[in-house]
Structure formats: C-alpha cells, structure tokens
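Step one of this worksheet: look at the structure below.
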Amino acid sequence: MKAMTVAIMALQGAFAEHEQMLQRLGVDTFLIRKPEDWLRHKDGLIIPGGESTAMLRIMKDEQLFEPVRSAIEGGLPVFGTCAGMILLARGVEGEERERIATMDIVVKRNAYGRQLGSFYTVAPVKHIGQDVPMTFIRAPYIVSVSEGVDVLATVDGNIVAARQGNQLVCSFHPELNEDERFHRYFVQMIEQAM
Ligand code: GLN
C-alpha cells in the first residue's frame with residue numbers, strides 16, 4: 001500500500017470509528033474541525049454518519065462547506081457513510097436544502113422509518129465480496145442513480161452502496177463492524193487516484 005493520509009470530518013457523528021478502522025489498515029489520519037485543519041495535505045476524505053442537517057449547519061458555520069465541496073468536485077476521493085451519503089447526494093426526496101451535491105444519486109432520508117430504522121444484515125458488495133456486515137441506523141437509501149454511477153449493493157431491492165468516480169457512498173455504517181473490506185476498497189480507490 002502507498003503511504004497516504006485520509007482526513008475525517010469530525011464535526012459531529014461517528015468519526016472516531018472510521019479513524020480506528022483506517023489506523024488498523026496502516027493509513028495516517030487526521031480530524032477536520034476547523035478551516036485550518038482543512039489546509040493540511042490529504043489524499044482522501046471521509047464524511048461520517050450522524051445527522052446530516054446538523055453536520056451541514058456546522059460545516060457552514062465553520063466555513064468548511066465551500067472548500068470541501070470544491071475539493072470533491074476537483075476529484076478528491078471521498079467516502080460518505082449514511083449522513084455523509086446524504087450530503088453528497090444531488091437530490092434528497094422531499095427536501096430542497098443545499099448540500100455538497102456532487103454525486104448523481106437521489107436518496108431518501110430515514111427511509112426505513114424512524115422507529116424501526118436500525119437493523120443489521122449481511123449482503124454481497126460488488127468489487128468487495130460476500131457477506132459484508134451492514135449496520136443501519138436511521139439510514140437513508142438510494143432511490144435512483146444516473147448513468148455513470150456503479151451500484152455496489154442492494155438490500156431488499158433498495159440501493160445501499162454506490163460509487164461514481166472518486167466518490168463512494170453507503171447507507172450503513174461499515175466502521176461499526178470488525179470487517180475491514182469496505183475501508184480497504186476506499187484505500188484502493190485512493191491509491192488509484194494518487
Ligand atoms: N438519519 C440521519 C440523517 O438523516 C442519518 C443517520 C446516520 O447517519 N446514521 O441525517
């Protein structure tokens with residue numbers, strides 16, 4: 001593996017587990033909380049799960065929204081999980097809010113309902129393998145993708161993971177299970193981009 005540094009948005013939500021997972025893979029990481037953190041060299045970015053509306057508000061308050069958006073637009077490899085996926089989506093059903101909106105997918109928030117929205121399953125993921133553990137927490141899913149988006153996984157007929165160029169997203173929380181394959185796939189994406 002090439003030496004690389006991955007930045008992790010740490011404004012809100014499940015960022016610490018991503019950090020631990022990448023460190024287990026031997027990847028250098030640092031956390032983004034302030035605009036000055038963003039200036040450090042990075043080969044990739046993780047936007048974690050949490051609450052997309054809160055994360056977006058903090059990104060804006062901290063003047064991180066524009067620099068992050070333009071870096072992703074410029075090709076910085078990014079991995080968005082759950083709320084992170086919502087922020088990357090061009091469209092969210094029934095919502096007009098501004099977002100990073102760099103990926104040609106439309107998502108539905110809290111798609112499994114607010115009460116019974118959390119569950120665990122395993123499913124195959126294209127390019128990654130069989131029986132990938134998937135922890136869903138009030139998760140969104142992808143309702144439609146444009147041409148050029150590679151659908152990586154579906155659960156009960158709904159799209160839960162996809163890739164478009166240097167952007168990788170999933171509905172679930174791969175950082176909350178021991179299985180490292182999803183993060184390894186992102187690391188390979190970064191290597192190819194370097
Ligand atoms: N329900 C959250 C949202 O809409 C996402 C949940 C998660 O990231 N686990 O932002």
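Because the structure is a prediction, the values reported are computed rather than measured. Every number for a ligand or one of its atoms is a count from 1 in the order of the listing. Numbers for residues simply follow the sequence, beginning at 1.
- Sorted by chain and number, the heavy-atom contacts of ligand 1 below 4.0 Å come from Gly49, Gly50, Glu51, Ser52, Cys82, Ala83, Ile86, Arg109, Asn110, Ile137, Arg138, His173.
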For residues 47-59, run the donor-acceptor check on the side chains, cut-off 3.5 Å, and write out each pair with its distance to 0.1 Å, sequence neighbours left out.
| from | atom 1 | to | atom 2 | distance (Å) |
| --- | --- | --- | --- | --- |
| Glu51 | OE2 | Thr53 | OG1 | 3.2 |
| Glu51 | OE2 | Arg109 | NH2 | 2.7 |

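- With sequence neighbours excluded, no residue satisfies side chain to side chain donor-acceptor pair (under 3.5 Å) with Glu191.
- Aromatic pair His173/Phe136: ring centres not closer than 6.0 Å.
- Minimum interatomic distance between Ala139 and Tyr112 (heavy atoms only, all atoms of both residues): O-CD1, 3.5 Å.
- With sequence neighbours left out, the side chain to side chain contact (heavy atoms under 4.5 Å, CB included) criterion links Ser70 to no other residue.
- Note on Asp104 versus Arg90: salt bridge recorded, some NZ/NE/NH1/NH2 to OD/OE distance being below 4.0 Å.
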